Amino acid sequence: MLKDITIGQYYEGKSLLHKSDPRMKIIWLIALIVLIFLAQNMYALGFAAISVIIAIVISRVPIKMYLKNMKTILPILLFTAVINLFYGEGEVLFSLFGKINITDGGIYRSVFMALRILLFIFISSVLTYTTTPNDLTDAIESLLSPLKFIGLKSAVHTLAMMMTITLRFIPTLIEEAEKIMNAQKARGADLESGGLTKRVKALIPILVPLLISAVRRSYELAAAMECRCYNGGEGKTRMKKMRLSLIDLFLSLACIIIGAGIITLNILL
Amino acid sequence: MDNIIEIKNATYSYTDEGISHIALNNISLNIKKGSFTVILGHNGSGKSTLAKLLNGLNTPTSGDIIVDGMNTRDEEKELEIKRKVGLVFQNPDNQLIASIVEEDVAFGPENLGLEPEKIRECVDEALKSVGMYEFRKSTPHKLSGGQKQRIAIAGIIAMSPDVLVLDEPTAMLDPKGRAEIISTLHYLNKEKNITVVLITHYMEEAENADRVIVMNDGEIINDGKPEDIFQNVKQLKEVGLDVPQTTELLYALKQKGFKVNTKALSIEDTAKEIAKALK
């Protein structure tokens, strides 16, 4: 069950989006999220939706993968939709229990909000499906590098190193947690029944050994890093250089067009 | 041949809960360039402590370690010594840093500040020399223990070290993984001319070494060629080590009055010896 957790769910491929610079992808993602927020009417949001669909198509990741994400966010989606249903103004269509009025504005608002969340999720998935976790980390380090001018150089490097190590150790620790769980089950530990407090208490004999082992691992990792001449990123170079290409120019242009489209539709309609 | 590492009267002690322990007691030892040395010892014999002294990860309490003319106490030479003497640990899971094989191997050269093209070259060559080139895009956690340990070795080889020190690299591996590592080490020693210091408690891994050093209680108790060392069955058993099964068999036969040469180590040679004795 723990093995189902996938972090930075990369989907191997050779699409335009896979090839483009991860730094640009992060910038586009932020820009698109802001733009989706800016969309104030259905036409603008519809235009954004079409852009997101186009992005999904050119990512060449099966639509099945995107729909899989839906399952986990469905409760949030429904919650948002239902809550917004009650907050509309306009013509009352019908009343629930004679007190709560459902208006056409409420329905409009509900659909609008749900669609907005859906677009956020889809566009973020486009990034994680087309970019390896390591590329993402490198891109974040590179994008944050201006911070070195205000004396935060080592902080930026440390952050990136922490992300790299975290991503590397997630599967290792999941595997370890499973081993410990099995070991405790073999000793008669009951992890699956009882109320919430009982279940939380049952986790203690799993978390304590896991934590101890993680600390021990970190000591060994530190020694191994030292043996590989790591000295806090001073004078470090990179094997892979991130380069902007024509694809990035082309896709940036597409982003600008989407932005212009959404803003125009906002003003006109 | 020149000595690449000189250990001069090295003592290492540490205090644990107020009690002082001596892990290494006045050890002197020279490691020759291009040699394949195996250090044998049981748990607590001080062999892992010795490994950490060789690349300056720890410095001896007294005495000196000289690597290619540089003292490991010299802080200015710290990086240079660590590059020259690569250290591989027991658990491959705790040595790999990146989630992609080639990016992990690149970690060392990147720290050395090499040019991207040069790093690419070092990484590809290191991965080829441990036979893991076709796995360069894989994730380490999907590989076997032996493969992961070979990647850890590649990560060190990529920094083009002169000496490769391995602290029980096969302790967590299955027999297949162990065989992979040992043959990789012999390949690196012969083809890439890398000095190998293998620390282990598996005696059969010492079979093809140039030199075997036996440690017990922080001291060197025996030093010589593998076939000579294994003659001393009684001493090896006393320090908690197992003699290779072939030697033990020949030794037992000899005590029963058979005329066998107990220096035979491999299964084939042993079989030949027994056949000769039975004629």
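Just so it is clear: chains get the letters A, B, ... in the order the sequence lines come, proteins before strands, and each one is counted from 1. In this text the structure is predicted, and so the values were computed from the model without any measurement.
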Among [options], single out the residue with the greatest number of heavy-atom pairs under 4.5 Å to chain A.
options	result
B/A158, B/P109, B/G155, B/G86	B/G155
B/L112, B/I81, B/D104, B/V85	B/D104
B/I97, B/L57, B/N91, B/I156	B/I97
B/I119, B/V123, B/N94, B/L96	B/N94

Are more than 12 heavy atoms from other residues, nucleotides or ligands located less than 6.0 Å from atom [atom1] of [X]?
X	atom1	result
A/I150	CD1	yes
A/R216	CZ	no
A/R60	CZ	no
B/Y187	OH	yes
B/E134	CD	yes
B/K192	NZ	yes
A/Q184	CD	yes

Original post:
By a 4.5 Å heavy-atom criterion (distance strictly below it), what part of B/V105 contacts chain A: side chain, backbone, both, or neither?
Top reply: backbone
**OP:** Select one option (side chain, backbone, both, neither) describing which atoms of B/D93 are under 4.5 Å from chain A's heavy atoms.
**Re:** both
Subject >> Chi angles and distances behind the side chain to side chain contact (heavy atoms under 4.5 Å, CB included) call for B/K82, A/Y230 >> reply: CA-CA 10 Å; B/K82 290 213 167 79; A/Y230 181 70; over 6 Å; no
Shortest non-hydrogen separation from [X] to [Y] and the atoms involved:
X	Y	result
A/R168	B/P92	NH2-O, 4.4 Å
A/M239	B/E102	CE-O, 3.7 Å
B/N111	A/C229	CB-O, 3.3 Å

Subject >> Expected output: side-chain A/R228 to main-chain B/Q95 donor-acceptor under 3.5 Å >> reply: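 Checked: pair present.
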**OP:** Using modelled atom types only, decide if a donor and an acceptor are shared between the side chain of A/T237 and the backbone of B/L114 within a distance under 3.5 Å.
**Re:** yes
Original post:
So how far is it from B/I100 CD1 to A/Y10 OH, rounded to the nearest 0.5 Å?
Top reply: 8.0 Å
**OP:** Select one option (side chain, backbone, both, neither) describing which atoms of A/Y219 are under 4.5 Å from chain B's heavy atoms.
**Re:**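 Neither; nothing under 4.5 Å.
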**OP:** Please state whether the side chain, the backbone, both or neither of A/T172 comes within less than 4.5 Å of a heavy atom of chain B.
**Re:** side chain
**OP:** Could you check B/E103, B/E117, B/E110 and say which one makes a salt bridge (Lys or Arg N to Asp or Glu O under 4.0 Å) with A/K240?
**Re:**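 Result: among B/E103, B/E117, B/E110, B/E103 is the only option passing the salt bridge (Lys or Arg N to Asp or Glu O under 4.0 Å) with A/K240.
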